[in-house]
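What follows is a short report on a single structure.
These numbers were taken from a predicted model, which means no experiment stands behind them.
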Amino acid sequence: MSPLVRRWVAWTIAGEMAGFGAPAVVGVLTAGSPTRVALPALVSAGAVEGLLLGAAQAHVLSSALPGLDVRRFALLTAGAASLAYLVGMLPSSTGWAGTDAPTALLVAAAVVGGIVLLGSLGTAQWLELRRHVTRGWTWILTTAGAWLVGLAVFMLVATPLWRPGQGVALAVLVGLVAALGMATTVAVLTGRAAQRLVDRAVVPRPGARLG
């Protein structure tokens with residue numbers, strides 16, 4: 001494992017854990033609240049999570065990509081995280097979870113929603129990465145796959161441990177433990193891909209877009 005991969009794994013876990021504290025607490029406190037309260041609260045908390053994760057990852061990448069705009073990378077990640085939370089909450093918030101709409105329409109909506117949810121983070125970060133590396137679009141696929149596995153880990157850990165009537169502190173703790181598994185999974189699965197991105201770094205002409 002290269003020094004950059006080690007730093008990437010450590011900082012990604014740290015950034016995700018620091019950021020996930022916001023949606024973990026907000027999610028527990030707004031459980032059972034009306035959609036008009038829970039939805040904007042969780043979307044905002046998702047922005048905090050994305051901002052800290054993006055800042056941590058940009059910190060690592062900027063050491064190898066000196067031209068990387070750390071602030072822009074972090075803000076793009078924050079926006080993508082907000083979008084992911086919004087898309088993830090739409091089925092329950094809009095009543096689609098129990099609708100009698102045609103099966104084909106539900107499947108199509110689920111596929112589109114899944115693509116947006118899983119691809120949002122990588123796509124947002126690619127908007128900055130494409131200015132510094134070739135074939136930056138591969139990052140979208142890598143992060144989508146990593147977050148798919150990471151979210152599965154989160155659900156496998158959290159679902160059996162969350163119980164109705166749990167205290168706020170215990171519910172948040174369960175969420176954080178599950179988040180640690182998710183963050184570690186994503187960090188490890190994206191680490192070598194981050195190294196490959198750096199290996200493809202170039203010095204572009206002003207205004208050039210590398211892909």
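Looking at Arg7 and Ser63, their side chains do bring a donor and an acceptor atom within 3.5 Å of each other.
In Arg192, the CZ atom is not crowded: 12 or fewer heavy atoms of neighbouring residues, nucleotides or ligands sit closer than 6.0 Å. For CZ of Arg6, the number of neighbouring non-hydrogen atoms (other residues, nucleotides, ligands) closer than 6.0 Å is greater than 12. Within 6.0 Å of atom CH2 in Trp11, 12 or fewer heavy atoms from other residues, nucleotides or ligands are found, so the atom counts as exposed in its surroundings.
Every pair tested for side chain to side chain donor-acceptor pair (under 3.5 Å) that includes a residue from residues 169-183 fails, sequence neighbours excluded, so the list is empty. Applying the side chain to side chain donor-acceptor pair (under 3.5 Å) definition to pairs two or more places apart or across chains, none involves residues 152-164.
In this structure the side chain of Gln57 reaches within 4.5 angstrom of the side chain of Trp8, judged on heavy atoms. Put simply, the side chain of Gln125 does not reach to within 4.5 Å of the side chain of Leu76, judged on heavy atoms. Thr190 has its side chain within reach of Trp139: a pair of non-hydrogen atoms, C-beta onward, lies under 4.5 Å apart.
Atom OH of Tyr85 sits about 11.0 Å away from atom OG of Ser120, to the nearest 0.5 Å. Note: Met17 CE to Leu180 CG = 5.0 Å, rounded to the nearest 0.5 Å. Taking CG of Leu117 as the reference point, atom CG of Leu148 lies at 10.0 Å (rounded to 0.5 Å). For the atom pair CG (Leu4) and CG (Leu197), the distance works out to 9.5 Å, reported to the nearest 0.5 Å. With values rounded to the nearest 0.5 angstrom, Leu127 atom CG is found 8.0 Å from Ile140 atom CD1. Interatomic distance, Met182 CE to Ile13 CD1, rounded to the nearest 0.5 Å: 11.5 Å.
For Leu68, the side chain to side chain contact (heavy atoms under 4.5 Å, CB included) partners at least two apart in sequence or on another chain are Ala58, Leu61, Ser62, Leu65, Phe73, Glu128, Leu129, His132.
A donor-acceptor pair under 3.5 Å is absent between the side-chain atoms of Arg200 and the main chain of Val133, judged by distance alone.
The two residues Thr185 and Gly181 come nearest to each other via the heavy atoms OG1-O, 2.8 Å.
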